[in-house]
Number of protein chains: 2
Amino acid sequence: MAVKSAGIRDVAELAGVSVTTVSHVLNNTPHTRVAEETKARVREAAKTLGYGPNRAAQALRTNRSGLVGLLSEEIATTPHAGRIILGAQNAAREHDLTLVIINTDRASGAHAHKDDVQALIDRQVDAVLYATMYHRQVSLPPNLQDLPTVLIDSTDKAGTIPAVVPDEVGGAISAVTHLVDAGHTRIGFLNNDDDVPATHGRFEGYRRVLEEHEIPYDASLVSSAPSETLPGYELAREMLSRTDRPTALFCYNDRMAMGAYRAATELGLGIPKDLSIVGFDNQELIAANLFPGLTTVALPHYEMGAWAVDTLVRLLRGEADHKPLAEEPKILDCPLVVRDSVAAPHAN
Amino acid sequence: MAVKSAGIRDVAELAGVSVTTVSHVLNNTPHTRVAEETKARVREAAKTLGYGPNRAAQALRTNRSGLVGLLSEEIATTPHAGRIILGAQNAAREHDLTLVIINTDRASGAHAHKDDVQALIDRQVDAVLYATMYHRQVSLPPNLQDLPTVLIDSTDKAGTIPAVVPDEVGGAISAVTHLVDAGHTRIGFLNNDDDVPATHGRFEGYRRVLEEHEIPYDASLVSSAPSETLPGYELAREMLSRTDRPTALFCYNDRMAMGAYRAATELGLGIPKDLSIVGFDNQELIAANLFPGLTTVALPHYEMGAWAVDTLVRLLRGEADHKPLAEEPKILDCPLVVRDSVAAPHAN
DNA sequence: TTGAAAGCGCTAACAT
DNA sequence: ATGTTAGCGCTTTCAA
């Protein structure tokens, strides 16, 4: 801190106008007419002084902190949170908002969540983003009621808060279509066994593609288990040991796909020569490091973060209506990420 | 926003004292004597009104925003950043500070970094944390000079900023000692080929353990390549194909270890039966999902984040001296995380 | 031991 | 088209 930085009155003085005019010019205050020539002079003065507004003074006066709270689960364990943060942050910067991130522990229940919200309220954030680490329904802490909120990767039970979620069905359609296009008709599906939207959505996508291509649905080609590596391995091992084994596997997520890779290897099945695999989630650390690279479906974390902030801003400005946004969650695309785990099936 | 929230004057009124007294009591202002009985009354009043200070007013008056900027690389790609954030955040909360995180693009050079720092300055942060995604030297943007700063996972070229880094040597010592303790004497080392502290530190740890146990150093057991999965695979494949192959492998990081797993599998070597492996970094997504679970060394990301904030606070309060902190980086332990990839070597 | 009052830098109602 | 001024809620100097 060499010199005390310039204030609005310094700018006013240098430009030879009043502080009011400076404020009007620099904020583009509506319903205010200032001569172009004066505007130019003010901006010039501000620039030469390196003027930047004192946020605290602004906040005090306008009663808006310019802070947006992001309540996020599991910051520390998956890169998913990182992408949401990045998307939200870039959007926030566009709107001159500052993101304050609080990690909230999913396990620790409503009580802790309330505390986390309180921490944000204490910091006087203007609004909050609530992000979960996988697509599901949440019930929000009651003290969030007073604050404009947008949900990321979740919907609320009451259906009263704007939300953005991934297109699970569409993602599964892309994945399975990719397999069908490669020539596969016997396609196994290793599904999650949790009762979450992704489980149902991805299954629906799978069914729809089969239907569309008039491939009969074979229930024995679908099995489910917890969406981890080991259960994925076990399921795949079992399904691939059969004489009428599928030529391709659509896996609920990349971790299950990782298990399937191991099963294939142990059974002497080459990927993608003898078995094609598609995953879901695009967890780079797994998908890009498996041999061969795993073709998978990306979740739009970045895009959800960005959409949420943009929507919050429009809500705050009254440019968007709360009601329609709250009634239907915004659904964002899950694009296919092609690597090297899919090929045409063997000629029989 | 139902009712306009209580201010200091409301508290004063309810307690039947002046705002001055309220301020003194609530801030524990030093050199101020208030009767215990009055204090109690004030606190009582504050509580019943649900009083919380207006941060903007405080900031305006005291010229301290209570904001700490965290400039972090690669938020979106690894969980490492997440752990640093978590550690920093928890420490920040202790001190009633708010963390503002900005993602900075490592690739985009000094110019972009300067902009990111400027964004923080514009937000009037009281101090900044600068975190890199792997241990290395950095040169800081010039506009950071005016702000109290602590480096996380890096040191600056000028050696003039307090910094905290992992104990690379110690981590490698733990890893290799673990192998030696299991009975291994032919221990291969798959190293990184970048000229970064980890490369040299982990190699030194490796050498030191051999020396300590009077195991002769065999240069043919050490090879290096870029620290990715594929090079790890290639190096391992080559080293394990030899007739005098090592019985254990110490890998520079978990990704190289993942490559080594594949090489072992292809060569029909069981882990840990025929080959023991230890990695480095403890990337859960890899280490916990490999078969068998990878024994590895954890980087103290959480701890570095927490230490950095604590140190910043002590610096800000004048409780710590800048000079000694700047001269020697703080070195934090890298603990061994034991899973299932290490066993005694085969009886020959 | 407590209180009165100035003022942080800005915005906006009002005046000119 | 531009200027004067009150006041946002708090901390802190000074006085009582």
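Below, each value reflects all heavy atoms present in this structure, side chains not excepted, and no hydrogens, waters or symmetry copies. In what follows, chains carry the letters A, B, and so on, assigned in the order in which the sequence lines appear, proteins first and then strands, with residues in each chain numbered from 1.
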Integer-rounded Å distance: C:dG7 C1' and A:L60 CG: 12 Å

Donor-acceptor pairs are to be reported for all side-chain atoms of residues 36-43 of chain A against protein atoms at under 3.5 Å, with residues two or more places apart or in another chain.
residue, atom, partner, partner atom, Å
A:R41, NH1, A:A15, O, 2.5

D:dG3 phosphate, OP1 or OP2, under 4.0 Å from A:T21 side-chain N/O: yes

The helix from C:dT1-D:dA16 to C:dT16-D:dA1: angle between end helix axes, five pairs per end, rounded to 10 degrees: 40°

Per-nucleotide protein contact string for nucleotides 10-16 of chain D, where B marks a base within reach and S marks sugar-phosphate only (heavy atoms under 4.0 Å, - for neither): BBBB---

Results of ring pair (Phe, Tyr, Trp, His ring centres under 6.0 Å) for A:H301 - residues two or more places apart only: A:H80

Pairs flagged by ring pair (Phe, Tyr, Trp, His ring centres under 6.0 Å) wherever residues 130-150 of chain B is involved - sequence neighbours left out: none

Any pair counted as salt bridge (Lys or Arg N to Asp or Glu O under 4.0 Å), so long as it reaches residues 17-28 of chain B, sequence neighbours left out: none

Rounded distance in Å - CG (A:L26) to P (C:dA12): 13 Å

C:dG3 OP1/OP2 closer than 4.0 Å to side-chain N/O of B:S18: yes

OP1 or OP2 of D:dT2 under 4.0 Å from side-chain N/O of A:T38: yes

Do any side-chain atoms of residues 320-328 of chain B form donor-acceptor pairs under 3.5 angstrom with protein atoms, and if so which ones, sequence neighbours left out?
residue, atom, partner, partner atom, Å
B:H322, NE2, B:T160, O, 3.1
B:K323, NZ, B:E327, OE2, 3.3

Under the side-chain contact (heavy atoms from CB on, under 4.5 Å) test, residues paired with B:L49 that sit two or more places apart: B:A6, B:D10, B:V11, B:L14

Ion pair check, B:R93 and A:D116, cut-off under 4.0 Å: yes

Separation of atom CG in A:N63 from atom P in C:dC10, rounded to whole Å: 18 Å

For B:I331, all residues meeting side-chain contact (heavy atoms from CB on, under 4.5 Å), sequence neighbours excluded: B:V165, B:D167

